[in-house]
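Take a look at the structure set out below.
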2 protein chains.
Amino acid sequence: MIDKFMNLDEEKRERIINAALEEFAKKGYDNASTNEIVKSANISKGLLFHYFGSKKGLFLFLVDYVINIFVDGFYSRINFDETDILKRWGQIALLKIELIQKHPDLYGFLLTSFSDDSKEIKKDVENIDKSVVVDAYEKLLVNIDTSVFKNDMDAKKVMEIIIWVTQGFGNSIMEKLKMDPNFKSTFDMSSAVAEFDGYMKLLRCAFYK
Amino acid sequence: MIDKFMNLDEEKRERIINAALEEFAKKGYDNASTNEIVKSANISKGLLFHYFGSKKGLFLFLVDYVINIFVDGFYSRINFDETDILKRWGQIALLKIELIQKHPDLYGFLLTSFSDDSKEIKKDVENIDKSVVVDAYEKLLVNIDTSVFKNDMDAKKVMEIIIWVTQGFGNSIMEKLKMDPNFKSTFDMSSAVAEFDGYMKLLRCAFYK
DNA sequence: TGGGTATTGACTACTGCGGTCAATAGCGTT
DNA sequence: AACGCTATTGACCGCAGTAGTCAATACCCA
């Protein structure tokens with residue numbers, strides 16, 4: 001019945017998707033209420049079950065839907081052949097910020113889904129996580145040129161440090177976006193990029209030959 | 001009635017505390033069930049309400065109880081006068097790992113409590129967070145000697161980098177502890193300290209004069 | 001045995017859940 | 001206007017589980 005759902009006019013379809021995403025993200029699978037979803041999407045109870053069959057059907061549809069958006073926007077735009085670790089993780093950190101900034105609700109939904117441990121959906125979500133997220137993450141760690149680091153430095157440790165710093169920067173931006181509602185409207189990606197470049201330069205000067 | 005609870009023999013007291021901590025940590029305030037707590041603590045429903053009056057009373061007792069344990073174990077053992085940032089954040093990172101390793105359930109409970117947004121308890125928890133956690137965190141950022149960094153480096157950025165790396169290291173240990181149950185039993189704090197020292201040396205060599 | 005405290009668990013009154021399905025609204029075709 | 005068909009409704013079902021109460025009982029010491 002999901003193909004029928006996809007033929008709905010866009011406005012209604014998105015109303016339903018957004019209502020469901022919000023409810024699941026806020027309360028987790030078990031505690032999310034289909035009654036709340038239909039109320040805030042302004043549709044009848046019957047219609048939701050007509051399209052998705054069950055609560056679980058709806059949830060798994062959403063996971064798939066959201067992952068596709070992120071895969072299209074994220075992994076497809078990363079250059080996996082870049083061997084300079086600063087450049088590669090620079091790309092990753094900035095792209096991540098950009099995407100979360102663009103789809104904060106989708107990201108929130110994915111985050112809670114992957115740490116949800118309702119027995120009803122745990123297995124399914126774990127499989128998806130493994131086949132999509134973990135695999136791609138591993139790809140990001142291979143084929144890095146470590147000969148550029150200063151000779152007396154442990155390359156593996158330097159790589160870890162660089163990854164932790166890029167993650168730390170990303171988290172600090174995310175934190176500000178989450179904490180301060182004003183920051184969101186005044187947030188300027190290009191100035192974030194400039195600030196990020198400062199850190200990258202510092203790391204290059206500290207660890208590269 | 002809580003003073004009476006404190007006079008219980010230790011075994012029973014801890015059985016109740018642990019059952020409640022686990023339930024709240026797993027399901028959040030709203031979704032946690034007093035029925036489940038009494039069942040897994042092996043006491044009667046009446047007894048729980050006899051001691052704590054209400055679900056909220058029990059929850060706030062737990063927050064207070066856990067925070068005290070962490071304050072005693074953490075902030076009291078940090079040397080706030082240490083001006084060398086690597087040493088200060090080195091202390092912090094390792095102490096944090098040690099404490100979480102020692103009381104994983106308490107830490108899990110605090111984490112979920114601070115991000116719980118049930119309206120019933122949100123205000124109370126926010127106040128506690130502000131008066132205990134935020135204040136102390138700010139203390140950790142003042143009185144750092146920045147003259148030790150290489151002259152051409154932006155001291156503020158270097159400090160951020162160092163903090164992100166110590167956090168990244170801490171998180172990586174935590175992740176391993178969480179993911180792999182075997183790792184927990186074979187985990188050796190002193191080898192973690194040695195590994196951590198490696199990172200510290202690398203940072204010192206990269207950023208210090 | 002009496003008296004006092006610690007502990008029990010059946011009980012209440014209630015809320016909200018996922019899911020169903022007969023009824024109806026809405027629309028294109030004849 | 002009348003038919004047929006699909007899209008949509010929402011009252012309803014049976015159930016599970018909730019926080020909290022309180023008369024009854026178990027337990028222990030004098």
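Worth saying up front: this structure is predicted, and the values here are computed from it rather than measured. Chain letters run A, B, ... following the sequence lines, proteins first, then strands; residues in each count from 1.
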Can you label the angle between the B:F52 ring and the B:F61 ring as parallel, tilted or perpendicular, going by 30° and 60°?
-> tilted
Any chance the side chains of A:S118 and A:D116 put a donor and an acceptor closer than 3.5 Å?
-> no
Inspect the contact between B:K56 and B:D124 and indicate whether a charged nitrogen and a carboxylate oxygen are less than 4.0 angstrom apart.
-> yes
Over how many whole Å does the gap from B:I43 atom CD1 to C:dG9 atom P extend?
-> 11 Å
Crowded around B:K96 NZ? As in, over 12 foreign heavy atoms under 6.0 Å?
-> no
Identify whether NZ of Lys or CZ of Arg in A:K55 sits under 6.0 Å from the centre of the six-membered ring of A:Y29 and within 45° of that ring's axis.
-> yes
Nearest 0.5 Å please: distance from the CE atom of B:M200 over to the CZ atom of B:F169.
-> 8.0 Å
Any Lys/Arg nitrogen of B:R88 or B:D81 sitting under 4.0 Å from an Asp/Glu carboxylate oxygen of the other?
-> no
Where do B:F70 and B:Y65 land on the ring-ring contact (aromatic ring centres under 6.0 Å, His included) test, with the steps shown first?
-> CA-CA 9 Å; B:F70 275 86; B:Y65 171 84; over 10 Å; no
In whole angstroms, the gap separating P of D:dT9 from OH of A:Y51 amounts to 9 Å
D:dG10 P sits how many Å from A:H50 NE2, rounded?
-> 16 Å
Of residues 16-26 of chain B, the positions that come close to DNA chain D - non-hydrogen atoms, cut-off under 4.0 Å = none
Carboxylate-amine/guanidinium proximity below 4.0 Å for A:D9 and A:R15 = no
Is the side chain of A:R13 donor-acceptor paired with the backbone N or O of A:F5 at a distance under 3.5 Å, no angle test?
-> no
Does B:E23 pair with B:K27 as a salt bridge, N-O distance under 4.0 Å?
-> yes
Rounded to whole Å, the NZ-P distance (A:K4 to D:dT8) equals 10 Å
Between C:dT15 (P) and A:K39 (NZ): distance, integer Å | 13 Å
If you look at every strand shown and take non-hydrogen atoms under 4.0 Å, does B:F5 touch a base, only sugar-phosphate, or nothing?
-> nothing
Rounded to the nearest angstrom, tell me the gap between atom NZ in B:K12 and atom P in C:dA6.
-> 11 Å
Protein heavy-atom contacts under 4.0 Å, written 5' to 3' over nucleotides 18-23 of chain C as B (base), S (sugar-phosphate only) or - (none), form the string BBBB--
Please, what dot-bracket string fits DNA chain C when only Watson-Crick and G-U pairs with both distances under 3.5 Å count, crossing ones use [ ] and pairs to another strand use |?
-> ||||||||||||||||||||||||||||||
For the pair made of CD1 in B:I37 and P in C:dG9, what is the distance, rounded to whole Å?
-> 18 Å
